[in-house]
Amino acid sequence: MKTLYFKDYRKTGNDAYDLYRLITDLGTKKDVKIIFDKDTYHVNPDFCFERCVNISNHGWNGHKRFFALFDGMENIELDFCGSTIDVDGVATPFGILNSKNITVKNAVLENKKTQFMQARVIGHGDGYVELEKMLGASQFYMRHDRELVTDHYQCFFPIFNSIEYNGETGEIEKGTGDHSFDQYLWNMRFEDIGDNKLRLHGVKRYPPIGNIIIFSGARRLGCGFFCEDSSDITLENITIHSCHGMGILAQTCHNIHLNSFNTLRHGDQYYTANADATHFVNCTGLVLVENSTFEGQLDDALNIHGMYTRIESKTEHDLIVREVHLEAKGIRILRDGDRIQIVNAQSLVPYTEKTIEKVEYINQDIIRLTLKEGTEDINIGDDVESLDRAADLIFRNNIVRNNRARGMLIATRGKTVIEDCYFHSSGSAILFEANGEYWFESGGVQDVTIRNNNFDRCKYSKWGGAVISCVPRKAIEDGKYFNKSIKIVDNKFDLLQETAVQFDNVADIEFTGNEVTQHTNDFEPKITLNHIGNAKIETNIKIERLDENA
């Protein structure tokens with residue numbers, strides 16, 4: 001492997017442009033290692049790579065900027081030797097497209113121009129809360145008694161939500177959600193009272209003095225890493241302090257290894273990533289996430305799923321299907337030769353399997369599928385799911401704490417192991433979720449083992465129904481189950497609320513060897529069961545059958 005040193009190319013004082021020249025000069029060369037001296041590298045988005053891409057769960061498709069872009073490359077390693085990458089505006093630090101065996105390690109990612117403003121509650125009055133601005137105020141502008149956020153290109157967006165953290169513990173404030181004042185922000189009025197202070201009028205709830213409010217435009221204008229149609233990706237010793245979207249969004253990739261891939265707070269900053277720390281869409285092979293800490297991100301530590309498409313029409317051998325959700329369009333989730341299953345849109349239970357002879361992507365919405373076996377037994381209005389494009393998942397020796405929403409969303413058909421982790425999440429620590437009517441995220445789990453984890457006072461806020469929860473389906477089918485096998489063994493639960501586990505629509509469950517304790521004594525712990533096939537449960541807490549009288 002040839003070794004290059006970025007210092008030899010750092011000629012202009014513009015780090016983005018110098019790296020652009022280096023990578024462009026590489027062309028299609030293989031087996032190259034690029035070493036960066038430990039330093040702070042400033043990224044000017046005006047000089048970054050640009051590609052037209054469709055990034056799932058990030059709002060808008062179109063042209064995006066990248067600091068380091070690997071497109072059609074193989075056997076490339078970047079070692080930043082502990083450097084900080086400081087993005088000055090809207091850009092994704094790393095893009096990995098159509099590439100193989102790419103490694104990035106030893107880097108810290110920061111972006112001080114994300115769409116957040118952090119403020120501290122300093123007082124209350126009759127119908128108003130007084131706030132002191134802390135971080136991010138330069139991105140916010142007052143217009144028409146409303147606080148508006150702008151990105152680097154002067155595109156104005158109204159602030160969307162307010163996330164509240166306890167000023168002493170650093171946790172999401174107990175019992176809160178996305179609207180800290182029990183009122184939508186667009187129904188309230190901001191007043192700039194000078195001396196770096198604001199008053200917010202029209203509140204219905206008064207957050208405790210000293211608590212921290214994160215005002216967010218909630219627009220995901222980029223991410224830390226975007227990976228597509230690539231294989232054998234290794235990200236090691238990466239820390240993300242802040243970014244415009246998710247820490248990593250990987251779609252249609254094969255084999256991803258995250259080792260010490262962290263979202264960590266920095267200084268007085270309570271937030272990190274503006275959404276999930278890690279997110280995987282229609283990936284294959286093995287997704288391995290280990291030795292990592294996820295805190296402060298404004299959504300889950302991990303989300304892994306496939307994608308349903310909705311059947312619009314059919315002929316004898318063809319289906320016209322639609323990629324439905326606004327933030328999940330234009331992604332090449334189906335390929336020639338793939339095996340698919342057709343599922344009932346309400347129950348998500350499959351009723352037939354087919355083979356794709358040919359895929360034609362007409363545009364970012366509509367796909368034409370030519371099926372080898374024909375379409376006679378397929379119902380228009382149901383959903384299509386790939387049987388071939390699902391990854392195995394190993395999530396081990398990780399810490400999840402002090403973030404908005406859940407710990408993990410699991411919706412992959414691959415074998416899943418979650419072990420030796422610590423969870424202190426404001427919502428469900430682990431949520432089994434898929435739906436064929438809104439997000440269209442697919443994946444009834446087949447083989448899940450959750451073992452030797454510590455679930456420490458999880459589900460203390462408004463996201464999810466239990467510490468570990470299976471979201472109920474809108475419809476069930478007798479003798480058929482959306483999820484196959486979930487084993488929860490040898491874990492520790494310290495409960496703040498009554499429901500430890502909510503099993504719903506699962507063929508085989510096991511709950512054995514777990515230690516369940518209560519953090520307070522004002523409730524009776526329980527496990528709930530609904531539409532369950534075989535059950536092996538060994539516990540001294542209450543078991544409640546929700547379907548007994550169905």
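A salt bridge is defined here as a Lys NZ or Arg NE, NH1 or NH2 lying under 4.0 Å from an Asp or Glu carboxylate O, and K329 with D365 meets this definition. The pair K492-D456 does not meet the salt-bridge criterion, since no charged nitrogen lies less than 4.0 angstrom from a carboxylate oxygen. Under the 4.0 Å criterion applied to side-chain N and carboxylate O atoms, D382 and K314 are not assigned as salt-bridge partners. Looking at R404 and D299, a side-chain N of the basic residue comes within less than 4.0 Å of a carboxylate O on the acidic one, giving a salt bridge. Classification of K372 and E357 as a salt-bridged pair fails, no side-chain N sitting under 4.0 Å from a carboxylate O. Between D18 and R10 there is no salt bridge, since none of the side-chain N atoms of the basic residue sits less than 4.0 Å from a carboxylate O of the acidic one. Looking at D88 and K113, a side-chain N of the basic residue comes within less than 4.0 Å of a carboxylate O on the acidic one, giving a salt bridge. Between R339 and E353 there is a salt bridge, since a side-chain N of the basic residue sits under 4.0 Å from a carboxylate O of the acidic one. For the pair D490 and R451, the salt-bridge criterion is not met [side-chain N within less than 4.0 Å of a carboxylate O]. D31 has no carboxylate O lying under 4.0 Å from a charged side-chain N of K2, or vice versa, which leaves the two without a salt bridge. Between E236 and K105 there is no salt bridge, since no side-chain nitrogen of the basic residue lies less than 4.0 Å from a carboxylate oxygen of the acidic one.
Y41 has its ring centre less than 6.0 Å from the ring centre of F36. If you look at F94 and F80, their ring centroids are closer than 6.0 Å.
Residues satisfying the side-chain contact (heavy atoms from CB on, under 4.5 Å) criterion with H317, sequence neighbours excluded, are absent altogether.
The structure places CZ of R219 at 13.5 Å from NE2 of H58, a figure rounded to the nearest 0.5 Å. To the nearest 0.5 Å, atoms CZ (R368) and CG (D318) are separated by 4.0 Å.
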Point to revise | Evaluation steps, salt bridge (charged side-chain N to carboxylate O under 4.0 Å, His left out), between D388 and R413 | key: CA-CA 9 Å; D388 293 334; R413 299 176 57 82; over 6 Å; no
